[in-house]
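The block underneath contains the structure these notes are about, expressed in structure tokens.
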Number of protein chains: 2
Amino acid sequence: MPRRPSPPLAPRKTPKQARSSRLVEAILQAAIRVLERDGAAAFTTIRVAERAGVSVGSLYQYFPNKESILFRLQEEEWAATSRLLDGIFNDTRLDAAERLRAAMRAFFRTECDEAPLRRALGDAAPLYRDSPQAHEKRERGLPALAALIDAAAPGLTPRKRAFAAELYITAMTAIGKQVSEADRTPAEVDAWATATADMFLAYLRESKRR
Amino acid sequence: MPRRPSPPLAPRKTPKQARSSRLVEAILQAAIRVLERDGAAAFTTIRVAERAGVSVGSLYQYFPNKESILFRLQEEEWAATSRLLDGIFNDTRLDAAERLRAAMRAFFRTECDEAPLRRALGDAAPLYRDSPQAHEKRERGLPALAALIDAAAPGLTPRKRAFAAELYITAMTAIGKQVSEADRTPAEVDAWATATADMFLAYLRESKRR
DNA sequence: ATAAAATACGAATGATCATTCGCCTTCACA
DNA sequence: TGTGAAGGCGAATGATCATTCGTATTTTAT
């Protein structure tokens, strides 16, 4: 859907009193439950409001529209993922290659644990994807990643290093998503994560040689 | 949307006369144009019918519902992709590794050329994904791929070979999709395809060693 | 205690769609 | 040339939703 006037996603007003903060929290939790249990197609403002034990009108006090709820959830997913990866990237107990492997496994694991929510958010993505806000975040934590790649494969040109970092993230998110959508056992998911990391590390080693 | 009664996707009736075959063809072409130009959200039966210069009623003579049109288009995409890959996998002028590279590039290229259509079909996927028919196809052309992998990395156990084949397909579709969604120049797309193939080939070589 | 500010409510509004069905037109064939 | 089958039409139906707004309740500050 191109050329949509791209609706506002920012909160309409911010909660001032304790009860309204609770209300916003209840709406977000309810939104997650609706997405997990009923999927993106059943994600309607009325359903979310009633699952939160709140009226539609109240919902619209704090969210300008349906998309803004989805966007907010997606933002929180991104933030959590960033924290997760950053923690592993900076874990000095492991060497560079092991950190890249561990991060891949951790990402695949959460992607798999939260598969219904992630899938539903993905299905709903067309609703919020084209908004201006959606394109700001993205390349957080890439400095740490570039440093890690340098440690794993010293001597790459900055250009190649940057490309490798993007490749790592892209392979992680793309393959992780696809793997979590087929439903697999945790052991299988781990095997896929390891294979993806192995693929990337093998590529890095060969890049170094050339 | 789980637990939906999964609507029929099979054609309601088959065209008997030339004019109705033309009508079905016109509807499919119009559906493609609507998806490409207006996106999945604007994909309504009325819009498709009027773009085809046909009435909604006529559309429903040959398609039981909206989803069946999307499903039909997706099937045709799959078939075209299978033909493309199979042609390259069996191109005896190239050695195994080169065929795997060439197939990756060709796939990324078409994915990129048809980006708007592919993206819209992906956005609409929730509408037809959970139907029984959707899960039949999938692993076509994998025998040829396994043979190719055996040629590129002889001596893998059948188990590892099968896994590698799945990994190749998964990396291709997942990364290809992600790359086509960011809009990139053809040269960049080629670089991503090459990198993805390189990653896979490096992985294969290291698998052999172990 | 009381007024002003915040919150909460939910029926009503207006729009959009998928799908149907009764009726008309065109085709194939005898 | 007549007739039954196939094809085509599009207004009408029924449902679902996002969003608003007038009103009622609760909180805060004085």
Side-chain angles (χ1 to χ4, degrees), chain A residues 1 4-27 30-31 34-35 38-72 123-124 126-128 131, chain B residues 1 4-27 30-31 34-35 38-72 123-124 126-128 131:
Chain A
M1 33 299 22
R4 209 77 85 73
S6 77
L9 297 183
R12 178 160 287 182
K13 72 163 93 158
T14 51
K16 310 265 186 202
Q17 302 177 355
R19 60 176 167 156
S20 50
S21 302
R22 253 181 284 121
L23 186 144
V24 167
E25 212 33 60
I27 288 172
V34 169
L35 286 175
D38 308 312
F43 187 83
T44 69
T45 51
I46 293 180
R47 214 187 191 80
V48 168
E50 78 188 11
R51 271 276 223 296
V54 144
S55 89
V56 228
S58 299
L59 185 155
Y60 277 92
Q61 294 279 324
Y62 302 98
F63 296 93
N65 50 47
K66 190 169 81 153
E67 292 76 41
S68 64
I69 307 175
L70 292 164
F71 184 66
R72 174 84 174 263
D123 287 349
L127 294 177
Y128 58 80
S131 294
Chain B
M1 32 306 18
R4 209 76 84 73
S6 76
L9 297 183
R12 178 161 285 182
K13 71 163 93 162
T14 51
K16 311 266 186 202
Q17 301 177 358
R19 61 178 167 154
S20 50
S21 302
R22 252 181 284 121
L23 185 145
V24 167
E25 212 32 60
I27 289 172
V34 170
L35 286 175
D38 309 311
F43 187 83
T44 69
T45 51
I46 293 179
R47 216 188 190 78
V48 169
E50 79 189 10
R51 271 277 222 297
V54 144
S55 90
V56 227
S58 298
L59 185 156
Y60 276 92
Q61 294 278 324
Y62 303 98
F63 296 93
N65 49 50
K66 191 171 80 153
E67 292 77 39
S68 64
I69 306 174
L70 293 163
F71 184 65
R72 173 84 174 263
D123 287 350
L127 294 178
Y128 58 79
S131 294

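Naming convention: chains lettered A, B, ... in sequence-line order (proteins, then strands); numbering from 1 in each chain.
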Is it true that a side-chain atom of B:S20 and a backbone atom of B:L23 form a donor plus acceptor pair closer than 3.5 Å?
no
Would you mind classifying the nucleic acid contact of B:T45 as base, sugar-phosphate or nothing, using non-hydrogen atoms under 4.0 angstrom?
base
Closest listed nucleotide, where the reference is the side chain of B:T44 and the choices are D:dA18, D:dG8, C:dC17:
C:dC17
Separation of D:dC17 P from A:F63 CZ (nearest whole Å):
20 Å
Round to a whole Å and report the spacing from CD of B:Q61 to P of C:dG22.
14 Å
Would you please confirm or rule out a distance under 4.0 Å between OP1 or OP2 of C:dT7 and any side-chain N or O of A:S20?
yes
Are OP1 or OP2 of C:dC9 and a side-chain N or O of A:Y60 less than 4.0 angstrom apart?
no
So which heavy atom on A:V48 is nearest to which on A:L59, and how close?
CG1-CD1, 4.2 Å
What is the distance, rounded to the nearest whole Å, between atom CG of A:D38 and atom P of D:dC17?
11 Å
Looking only at heavy atoms, the pair that brings A:V56 and A:A49 closest together is N-CB, 3.8 Å
Both A:V56 and B:I46 contact DNA chain C. Taking the nearest nucleotide for each, which residue is further toward the 5' end?
A:V56
Return whichever of A:R19 or B:S55 has its heavy-atom-nearest nucleotide of DNA chain D closer to the 5' end.
B:S55
Whole-Å gap separating P (D:dA18) and CD1 (A:I69)
9 Å
Rounded to the nearest angstrom, tell me the gap between atom CD in B:Q17 and atom C1' in C:dC27.
5 Å
Quick check: does any side chain N or O of A:K16 sit under 3.5 Å from a backbone N or O of A:S21, one acting as donor and the other as acceptor?
no
Starting from P on C:dT26, measure out to NZ on B:K16 and report it in whole angstrom.
22 Å
Rounded to whole Å, CG of A:L23 lies from C1' of C:dT7 at a distance of 8 Å
Side-chain (B:K66) to main-chain (B:L127) donor-acceptor, under 3.5 angstrom:
no
Whether B:S58 contacts D:dC9 is assessed here as follows: a side-chain N or O lying under 4.0 Å from the phosphate OP1 or OP2. Is that the case?
yes
Rounded to the nearest angstrom, tell me the gap between atom OH in B:Y62 and atom P in C:dT19.
18 Å
Of A:R47 and B:P15, whose closest DNA chain D nucleotide lies nearer the 5' terminus?
B:P15
